[in-house]
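Notes follow the structure.
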Amino acid sequence: MDKFQITGGRPLEGRVAISGAKNAALPAMTAALLTNQRVILRNIPRVRDISTLRSLLEDLGVDSSVTHEAHGNRIEIETRQLLNPVAPYELVKQMRASVLVLGPLVARFGQARVSLPGGCAIGVRPINLHIKGLEKLGATITFDHGYVNAQANGLRGTDFRFDTISVTGTENLMMAAALAEGDTVLENAAREPEVQDLADLLNKMGAHIEGAGTGKIRIRGASRLHGTEHTVVPDRIEAATFLTAAAITGGELVVERCNPGHLAAIIAKLREVGVRVLPAGEPGADGNQALSVKAEGKLQAADMTTEEYPGFPTDMQAQYMALMTQAGGSSAITETIFENRFLHALELARMGADITVNGRRAVVRGKTPLSGAKIQASDLRASASLVLAGLAAEGETLIDRVYHIDRGYERIEEKLTQVGARINRISEFD
Ligand code: EPU
């Protein structure tokens, strides 16, 4: 297993470009199952989860090809026939987002068999709402041997209210409803930019979706969808991670190709703790813009509670915790989305952080100097937080299990090296 070796203590300086959003690219790729025509997707990040989904789609019978472009990959996807409606355990356990094939498969082909994901490092993460919603749309659901089977002879529009807001749940049902007969209304829907991006793609494919980005999404079903081209939105979590990297190292970065509108809660929190974040230049035709970030003076602690969009994202909680170890005072961090997303706290403590975890609340007392140590990544965003801590620490940090970070950050060690970090990948075969 690859490791990262980081020698900390150097302020980051320079420019870094943000990749396309993994969590927008994944549903976009599964949306391509909804048509027999070619869907071309751009700005696809070069990360492991995308390769995992590509293998799953190929097993289903999808043809896909990838071309390198200046910004990310271009993927062409064409689904003429379904060879095999199964998302097997081996892939779903590697990547829970595999469940995003469920809605499209049952809507277009009337059948899907998807492994139940089981628990994961950050929480229980059931998919009961995806299943309930599909049942309401007219699918027959059965379970056997750890799999959920969905069958339908045409889906019918319905009204469905999510008891809990779910990002991939909203995406799955939006995709299924796009090919259902009649109207569907999804209430208490997720408002994340990735949900909006998927609705934009589906509308380009001929779907009729209104209200994506609000809690109420209306979908008028279409009898068929067609091919199109689409560029996925920038990765707001990658952008926020680099903003935080500048802040934690006392550096100054220009973070290019981000969408500041998607980062509002994060930028507001960074400003509150004493980080200067400003637009750098004009927005491009696609709405993307560069941001300049600089840590000015001392950081001050501030409490933070994770929330669904437009609140502070759970996917930045771990990185924010690393930052708070370097802020003066005490910050209470409350995780409301996942019940077990504090595994990084123990690793940060091994580096010298003063953190007390009590259920869903962690209190960080700073500022404590961090010192390099051998530590272990437990999930994707936790690994990013450990990289940030390593950049701020005195001496050498060795992070094990960086395959977690490769799932969702494109060439993070190269991007960090370009802006002055001392970080090396030690391959298991070196
Ligand atoms: N939930 C249920 N039942 C369901 C679905 C969800 O109870 O049927 C609960 C979950 O257990 C959780 C909450 O609802 O407590 C929110 O989960 P959600 O379904 O929104 O999460 P997700 O769709 O599985 C996506 C992202 C995650 C991100 C969360 C929250 C993708 C592919 N994944 O997951 O991203 O943390 O939304 O914003 O979009 C990551 O990129 O590192 C990552 C984990």
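For ligands, and for the atoms within them, numbers begin at 1 and follow the listed sequence. Because the structure is a prediction, the values reported are computed rather than measured.
Heavy-atom proximity to I165, at under 4.0 Å, picks out these atoms of ligand 1: 14 (O), 16 (C), 20 (O). Each of the atoms 40 (C), 41 (O) of ligand 1 lies under 4.0 Å from some heavy atom of K22. Counting the atoms of ligand 1 from 1 in the order shown, those under 4.0 Å from a heavy atom of H130 are 8 (O).
Listed for the R161 side chain is no donor-acceptor partner under 3.5 Å among the backbone atoms of L186. Checking side-chain atoms of N358 against main-chain N and O of R361 turns up no donor-acceptor pair under 3.5 Å.
Using 4.0 Å as the threshold, A190 has no heavy atom nearer than that to any atom of ligand 1. Within the structure, ligand 1 lacks K132 among the residues with a heavy atom less than 4.0 angstrom away. The closest approach between a heavy atom of R381 and any atom of ligand 1 is below 4.0 Å.
When non-hydrogen atoms are compared, ligand 1 lies under 4.0 Å from the side chain of A97 (C-beta onward) but not from its backbone. Here L380 has side-chain heavy atoms under 4.0 Å from ligand 1, and that is the only part of it that gets that close. Proximity of R341 to ligand 1, defined as any heavy-atom pair under 4.0 Å, is confined to the side chain (atoms from C-beta onward). Residue contacts with ligand 1 for E308 are absent, since no atom lies close enough (heavy atoms, distance under 4.0 Å).
Nearest to atom 39 (O) of ligand 1 by heavy-atom distance, out of L26, V99, N23, T164, is N23. Nearest to atom 5 (C) of ligand 1 by heavy-atom distance, out of G169, A318, P126, is P126. Among T336, I337, T168, the residue whose heavy atom lies nearest to atom 23 (O) of ligand 1 is T168.
Other residues, nucleotides and ligands contribute at most 12 non-hydrogen atoms within 6.0 Å of the CZ atom of R80. The neighbour count for Y147 OH, taken as heavy atoms of other residues, nucleotides or ligands under 6.0 Å away, is above 12.
By the 3.5 Å distance cut-off applied to N or O atoms, E171 is not counted among the residues near ligand 1. Note: no N/O pair closer than 3.5 Å links T314 and ligand 1 by distance alone. Between L100 and ligand 1, a contact under 3.5 Å exists for no N or O pair. An N or O contact shorter than 3.5 Å links N128 to ligand 1 by distance.
Between the side chains of T314 and E335, at least one donor N or O sits under 3.5 Å from an acceptor N or O. Side chain to side chain, T417 and R422 fail the donor-acceptor criterion of an N or O pair below 3.5 Å.
Between S330 and V363, the shortest heavy-atom distance links the atoms OG-CG1, 3.5 Å. The two residues G20 and V232 have their closest heavy-atom pair at CA-CG2, 4.1 Å.
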Show every donor-acceptor pair shorter than 3.5 Å between a side-chain atom in residues 172-185 and any protein atom, with sequence neighbours excluded, or say none if there are none.
from: N172; atom 1: OD1; to: G103; atom 2: N; distance (Å): 2.8
from: N172; atom 1: ND2; to: V99; atom 2: O; distance (Å): 3.0
from: N172; atom 1: ND2; to: H130; atom 2: ND1; distance (Å): 3.1
from: T184; atom 1: OG1; to: T158; atom 2: N; distance (Å): 3.3

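Scanning for salt bridge (charged side-chain N to carboxylate O under 4.0 Å, His left out) contacts around E308 gives an empty result, with sequence neighbours left out.
With Y409 as the fixed residue, the side chain to side chain donor-acceptor pair (under 3.5 Å) test singles out one of R381, K415, H404: R381.
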